[in-house]
Amino acid sequence: MPHFLRFSQELETRLERLAERTGFSKAELIERLVRDGVGQLESELMFEETPHRKPSDLSIDQLLRESGLGI
């Protein structure tokens with residue numbers, strides 16, 4: 001399924017240079033970046049035991065309970 005992406009001029013230039021230096025096409029480089037990036041996001045977001053929350057989202061009582069220090 002094709003997707004259309006817009007990159008900043010700086011990023012476009014960097015991809016072009018990398019493609020020239022490595023011999024890979026820009027499409028191959030972008031696919032690799034997305035694949036690796038999705039893998040990293042999965043590791044960070046989906047496989048954590050607790051939901052991704054900011055500490056400010058919890059009350060002090062909740063923080064203490066979840067840490068095992070509360071009642």
Side-chain angles (χ1 to χ4, degrees):
M1 171 186 306
H3 295 280
F4 296 97
L5 304 172
R6 288 188 182 180
F7 299 118
S8 68
Q9 185 60 45
E10 177 192 0
L11 186 54
E12 189 70 34
T13 301
R14 291 173 67 190
L15 281 168
E16 288 171 1
R17 283 186 196 145
L18 190 58
E20 289 172 6
R21 290 178 183 168
T22 63
F24 290 106
S25 70
K26 285 188 343 185
E28 291 171 310
L29 293 171
I30 292 167
E31 184 174 342
R32 184 173 176 177
L33 286 166
V34 171
R35 183 182 61 241
D36 293 350
V38 167
Q40 183 178 354
L41 282 173
E42 287 172 337
S43 295
E44 290 176 15
L45 301 176
M46 295 181 67
F47 298 119
E48 292 178 348
E49 289 184 26
T50 58
H52 202 65
R53 294 184 294 203
K54 297 182 287 187
S56 61
D57 292 342
L58 300 174
S59 70
I60 189 68
D61 292 332
Q62 284 178 298
L63 285 171
L64 289 171
R65 273 195 304 276
E66 289 184 14
S67 69
L69 299 173
I71 303 173

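All heavy atoms count here, side chains included; hydrogens, waters and symmetry mates do not.
Within the model, atoms CD of Glu28 and CG of Leu33 stand 12.0 Å from one another, a figure rounded to the nearest 0.5 Å.
Screening residues 2-13 for salt bridge (Lys or Arg N to Asp or Glu O under 4.0 Å) gives Glu12-Lys26 as the qualifying pairs, with residues at least two apart or on separate chains.
Put simply, Phe7 and Val38 are part of the same group of oily side chains (I, L, V, M, F, W, Y) that touch within less than 4.5 Å, one to the next.
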Side chains of residues 14-24: which donor-acceptor partners sit under 3.5 Å, not counting sequence neighbours?
| from | atom 1 | to | atom 2 | distance (Å) |
| --- | --- | --- | --- | --- |
| Thr22 | OG1 | Leu18 | O | 2.8 |
| Thr22 | OG1 | Phe24 | N | 3.2 |

